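Residue numbers start from 1 in every chain, and the chains themselves are labelled A, B, ... in the order their sequence lines are given, proteins ahead of strands. Because the structure is a prediction, the values reported are computed rather than measured.
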Amino acid sequence: MPDPNSSGAPTPRVRFAPSPTGFLHVGSARTFIFNWLYARHNHGTMVLRLDDTDVERNTDASVQSIFEGLRWLGLDWDEEYKQSERLDLHRQAAEAIFAKGLAYRDFTPAHAAPTHSEVDDHSSSQGAWLSNPGMRELSREESDRRAAAGEPFALRYRVPRGEGRILQFVDGVYGAQSKPADEVEDFALLRSDGMPTYHLASCVDDADLRISNIIRGQDHLTNTFKHLLIFEGLGAQPPHFAHLPLLVAPDGAKLSKRKHGPVVSVTTYRDAGFLPQAFVNFLCLLGWSPKNDREFLTLDEIRDLFTLEGVNRANAVINFTDEDPFDAKAVWLNAEHIRALPVEELSRDLQPFFEQAGFNASPEKILAVTPLIRERIKLLRDAVAAADFFFLDKLAPYDPAELIPQKGDAALARRVLQTALEVLPATAFDHDSLDKALRDAAASLGLKAGPMFQPIRVAVCGRKNAPPLFETMVVLGREVCLERIRQAEQNLQSFA
RNA sequence: GGCGCUAUCGUCUAGGGGUUAGGACGUGAGAUUCUCAAUCUUAAAACCCGGGUUCGAUUCCCGGUAGCGCUACCA
């Protein structure tokens, strides 16, 4: 294994190991991002591993969705594995642990063991469940005999008892962690159908793939003690662990598809017109800080600044409501990234949104429109509503009263439009010429800019709020502008 | 129930034994422009509670409370 570093220090290997039981979750995406940042910051290797040992819940659609999400984020990885293709390895490992006497067969029928809720119900019961009665003590002979007879069993780790053994590790985020082995239950390694559990498969693969740093959600913090035991059973050096604070909903609950809907899926952000770099920027700021008051950051900057020391320990709330599904800060960051994008690039990103809206939008036209709307949109999809009048052949119907400026009446509005109609045919359609011609016209009418431009703006755009008038007229062209102003003038006639 | 983790403005966070507790989003007010947006200025807004330690705690320690996690033959 060649080391690209000249320093001689081993290069870290990290992994992102999603289980394909649903779409790519924003929490998973963040875990992926943090792993990526750690890997790339340290010139290490990023491994993607599909943890698909739960045959019941895995789906191909989910695998597709996860890849789709990851590809959208624009972050790469170096190696790729599927846990389901490594079953033999897991079983061999289980066999080896069993052979060392570090695991035992538990013939208790599945579901016969007390569940969590049952333990809760029996408020009289003290402490945690540690093992099923009798199973740990079964003699090897009897165990072998029952197994040979075909009786189903789960394989459980024989957690050291009564030795006063303290399990410990130093977490990259949470610091020194320790727990008496006596408080760790005899967790399962193999299910009664012979399939490895998450704990086993995960550790075996981490060991086999020589993962040096495990960066994952804090929900695994206490599981780590079990994992330490498995690595020990494997005779492998445990990797370094770092746990990330969880992303939670505004009500403090863990994000879930069932409870919170599509806002937990990264494709929802993509479809709404988030830029991947903005989304990544936002997610990084949830639980991590560069500690220098900077918030708008490029991927390169984040990668350079990223350290585990900058990771926070408290859960982070991602804000959303039914009316407003996106965190305001995410939206703001997106607007910032939109404005930071070169016009050509932004206009390319906008194309699919215009197409989806059914507009006849050529790349040239979009390129011309982009600078006019780029400061007026927060999400890419906002462009459709912001720029519709550039692409529509016929303006959507609007209230002619809109044409009348603040302090004025229909007669004034008509005079403005008529004047524009007289002046425009002889005016060159560039910014400066329009500016001069229209301002001169306003002066001749004894009007200020506001009352002069407003009727024209509404006539041309079909609404009061729009991009700057002259730029807009240039893009629209003389014919369209004249036509729309004529139309507006007529609307006003019938209105008065 | 047991074990663990966490606790600074509404939210994301910086800070740390003595600070006017800093920044950002959002919100209010104002400035500016042909509207909107952007931009600028500005305002309101926080150290969970109780005990220690200390000359002095928001910061360190302990306890409480709350939230979250684990406590599955889910991951």
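- Note on A:Asn312: a side-chain N or O is less than 4.0 Å away from OP1 or OP2 of B:A14.
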Practice task
For salt bridge (Lys or Arg N to Asp or Glu O under 4.0 Å), just list the numbers for A:Lys436 and A:Asp440, CA-CA rounded to whole Å, side-chain angles, deciding distance to a tenth of an Å, and then say yes or no.
Solution key: CA-CA 6 Å; A:Lys436 182 169 192 320; A:Asp440 286 352; 2.8 Å; yes

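- Base pairing analysis places B:U59 opposite nothing; no Watson-Crick or G-U wobble pair with both distances below 3.5 Å involves it.
- Between B:G23 and B:C47, the two C1' atoms lie 16 Å apart (nearest whole Å).
- Distance noted for atom P between B:U33 and B:C48: 45 Å (whole Å).
- Evaluated for a side-chain hydrogen bond (donor to acceptor under 3.5 Å, both in side chains) with A:His243, the options A:Arg216, A:Gln218, A:His220, A:Arg313 yield exactly one hit, A:Arg216.
- Closest approach to the A:Ala314 side chain among B:U11, B:C74, B:U6 is made by B:U6 (side chain taken as heavy atoms from C-beta onward).
- Residue A:Lys254 has no polar side-chain atom (N or O) positioned under 4.0 Å from OP1 or OP2 of B:C68.
- Using Watson-Crick or G-U wobble geometry with both donor-acceptor distances under 3.5 Å, B:A66 finds its partner in B:U6.
- Annotation: B:C74 and B:C3 have their P atoms spaced 26 Å apart (nearest Å).
- Ring centroid separation for the pair A:Phe326 and A:Phe274 comes in under the 6.0 Å cut-off.
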Practice task
Please test A:Asp106 against A:Arg136 for salt bridge (Lys or Arg N to Asp or Glu O under 4.0 Å), starting from the C-alpha separation and ending with a verdict.
Solution key: CA-CA 7 Å; A:Asp106 182 347; A:Arg136 198 184 217 263; over 6 Å; no

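- Separation of the P atoms belonging to B:U65 and B:C12 is 24 Å when rounded to the nearest angstrom.
- Remark: aromatic rings of A:Phe306 and A:Phe34 are close, center separation under 6.0 Å.
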Problem - nucleotides 28-43 of chain B: protein proximity per nucleotide (B base, S sugar-phosphate only, - neither; heavy atom, under 4.0 Å) - result: ------BBBBSS----

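- Between the base of B:A14 and the side chain of A:Lys291 there is no donor-acceptor pair shorter than 3.5 Å.
- Using a 4.0 Å heavy-atom cutoff across all strands shown, A:Gly217 reaches no nucleic acid atom at all.
- Less than 6.0 angstrom separates the ring centroid of A:His337 from the ring centroid of A:Phe296.
- Scored by the ring-ring contact (aromatic ring centres under 6.0 Å, His included) test, A:Phe225 finds A:Phe169 as partners (sequence neighbours excluded).
- Using a 4.0 Å cut-off on heavy atoms, none of the residues of residues 80-91 of chain A approach RNA chain B.
- Nucleotides B:U59 and B:C25 place their P atoms 29 Å apart, quoted to the nearest Å.
- Atom CG of A:Asn132 is separated from atom P of B:A72 by 10 Å (rounded to the nearest Å).
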